[in-house]
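Structure, as structure tokens:
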Amino acid sequence: EGGMADSGGVSANNAAAGNDDEEGNTAPFPETVQIGGSPEYRVERKLGKGGFGHVFVGRRLTGGNGRGAGAQEVAIKFEHNTSKGCNYGPPYEWHVYSALGGTHGVPKVHYKGRQGDYYVMIMDMLGPSLWDSWNSAGQTMPSEMVACIAAEAISILESMHSKGYVHGDVKPENFLLGQPGTPQEKKLFLVDLGLATKWKDPATQQHVDYDQRPDAFRGTVRYASAHAHLGRTASRRDDLESLAYTLVFLHRGRLPWQGYQGDNKSFLVCKRKMSTSPDILCGLCPQPFKLFLETVVNMKFDEEPNYSKLISLFDVLIGPNPSIRPINTDGAQKVGQKRSRLINDDDDSNARKKIRLGVPATQWISVYNSRSPMKQRYHYNVADNRLAPHVEKGNEDGLLISSISSCVDLWAIIMDAGTGFTDQVYELSPHFLHKVEETSHLSLV
């Protein structure tokens, strides 16, 4: 579920974790490494282990000082050539790091290559993860520090998303600070890109298509979005929902769905997430946490997040002097400056989005056998006078009603192209089963 999972292999504070051998792999790690024209490094203590390799401290044997490629101490990440990430050659993570090179908040990879049975990546050494810091601080963090983490983490995700990628595994273990005692000790980094996927098609520059494969969960159960549990195609909203759970965890010290065990753990956690309202989850947190969660769980699949507005939610918790903040927020400030140069935030589309803020999310679970993607549309909180236009528009697009319910003159309706119906007739009436009710009802034939 998490704990000491692979933190991207760049934290100098993680203790050695688990057995040195991956499942099915008994090849010893080399004592020294030299790849792709790199200096020679001695492989020292182990930093961590996870689903995407083992990470060690590397000490340069031929001098070296400062940071970057000339640093005396680096992080060396090993992945065996038979591991699940190397089915088609070098690890998929290598490609993602190359694509995100120079992106704000992503550590630099200086050398990549193969030595013996291992693919090897040499990267910047960083400091403790947010998981480490949370443990050191007594398993809680003050609201200002978590607010600074929120603002800077959103800016890092904005940078990554702007390159067409979603991270796919946002959690405290994957956010690292710079090395203590250096100018970067308060800077935040996001690591471990083995589950990153593209939300934008590089050929068309359009959003990838929606799909749902219930048996294809990716991520960490504790922090994954509800959409990830349901096997839905990853998009930008999922990273932000995982960040919301990360922030609540760092502040409260626990999430309500921790502790489930067994084969159906993911299902039980998903069910609990979807039934826990933002009011309950964020009841012991300052108001910005609740507003952030409400906003991101209400996002549509292909919706572009308003990153600057999300960052601004936490302004009230962050001190006015950037130089003394517990976390460096330079990236968050740049996101606000960049956004201010774009179109006015008060256009019609944003006005419509504001209506959704603060409305608890109503989420649907669709369970079906594996088949080709099905076109589906849903509406909720629809007033009587808006029901007919929604139905007519759906009919024009080849969709028919598959499920409907009402409460206090508000409707929830699902329309899809897979009902098998050839036609549909409906009537909106104040009468239901020959009885007069206080609310309207819909009859389907």
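This structure is a prediction, so every number in the text was calculated from the model and none was measured. Side chains are part of it too, since the values below use all heavy atoms of this structure and drop only hydrogens, waters and symmetry mates. Index from 1, following the sequence.
For Y245 and Y223, the ring centers are positioned 6.0 Å apart or more. W131 has its ring centre no less than 6.0 Å from the ring centre of F175. Between H80 and Y118, the ring centre distance stays below 6.0 Å. Between F29 and F56, the ring center distance clears the sub-6.0 Å criterion.
Around the CG atom of N321, the shell of radius 6.0 Å holds more than 12 heavy atoms that belong to other residues, nucleotides or ligands.
For the 3.5 Å distance criterion, the side chains of Q139 and N135 qualify, holding a donor opposite an acceptor. Looking only at atom types and distance, the side chain of T233 has no donor-acceptor partner in the side chain of D211 under 3.5 Å away. At a cut-off of 3.5 Å, with distance as the only test, a side-chain donor of S83 or E79 sits close to an acceptor on the other residue. Side-chain atoms of H54 and K77 include no donor-acceptor pair closer than 3.5 Å. Using modelled atom types and a 3.5 Å distance limit, the side chains of K171 and T246 yield no donor-acceptor pair. Side chain to side chain, K200 and H207 fail the donor-acceptor criterion of an N or O pair below 3.5 Å.
Checked by atom type and distance alone, the side chain of N264 never pairs as donor or acceptor with a backbone atom of F267 at under 3.5 Å. The closest donor-acceptor contact from the side chain of R272 to the backbone of T276 lies at 3.5 Å or more, if one exists at all. The closest donor-acceptor contact from the side chain of W199 to the backbone of H161 lies under 3.5 Å. Proximity of a side-chain donor or acceptor of R60 to a complementary backbone N or O of P39 within less than 3.5 Å is not detected. A donor-acceptor pair is defined here as one N or O able to donate and one able to accept, closer than 3.5 Å; such a pair exists between the side chain of N328 and the backbone of D330. For K290 (side chain) and G283 (main-chain N/O), no donor-acceptor pair under 3.5 Å exists by modelled atom type. The main-chain N or O of E241 is never found under 3.5 Å from a side-chain atom of H227 such that the two would form a donor-acceptor pair. A donor-acceptor pair under 3.5 Å is absent between the side-chain atoms of S242 and the main chain of D239, judged by distance alone. A distance-only check finds no donor-acceptor pair linking the side chain of T182 to the backbone of G178 [under 3.5 Å]. With E185 contributing its side chain and G181 its backbone, the two residues share a donor-acceptor pair below 3.5 Å.
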Does L250 form a side-chain contact (heavy atoms from CB on, under 4.5 Å) with I149? I'd like the steps, not just the answer.
CA-CA 10 Å; L250 292 173; I149 290 169; 4.2 Å; yes

Q333 and I311: CA distance, side-chain angles, deciding distance, side-chain contact (heavy atoms from CB on, under 4.5 Å) verdict:
CA-CA 9 Å; Q333 292 168 263; I311 289 171; over 6 Å; no

Stepwise, does the side-chain contact (heavy atoms from CB on, under 4.5 Å) test hold for L317 with V146?
CA-CA 9 Å; L317 300 176; V146 181; over 6 Å; no

Between F301 and R232, does the side-chain contact (heavy atoms from CB on, under 4.5 Å) criterion hold? Intermediate values first, please.
CA-CA 9 Å; F301 169 67; R232 294 170 177 166; over 6 Å; no

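R377 and G394 get closest at one heavy-atom pair: NH1-CA, 3.8 Å. The two residues K265 and V221 have their closest heavy-atom pair at CE-CG1, 4.2 Å. In plain terms, the two heavy atoms of R236 and E303 that are nearest each other are NH2-O, 3.6 Å. The shortest non-hydrogen separation linking V120 to I35 is O-CD1, 3.4 Å.
With rounding to the nearest 0.5 angstrom, the CZ atom of R222 is 7.0 Å from the CG atom of L255.
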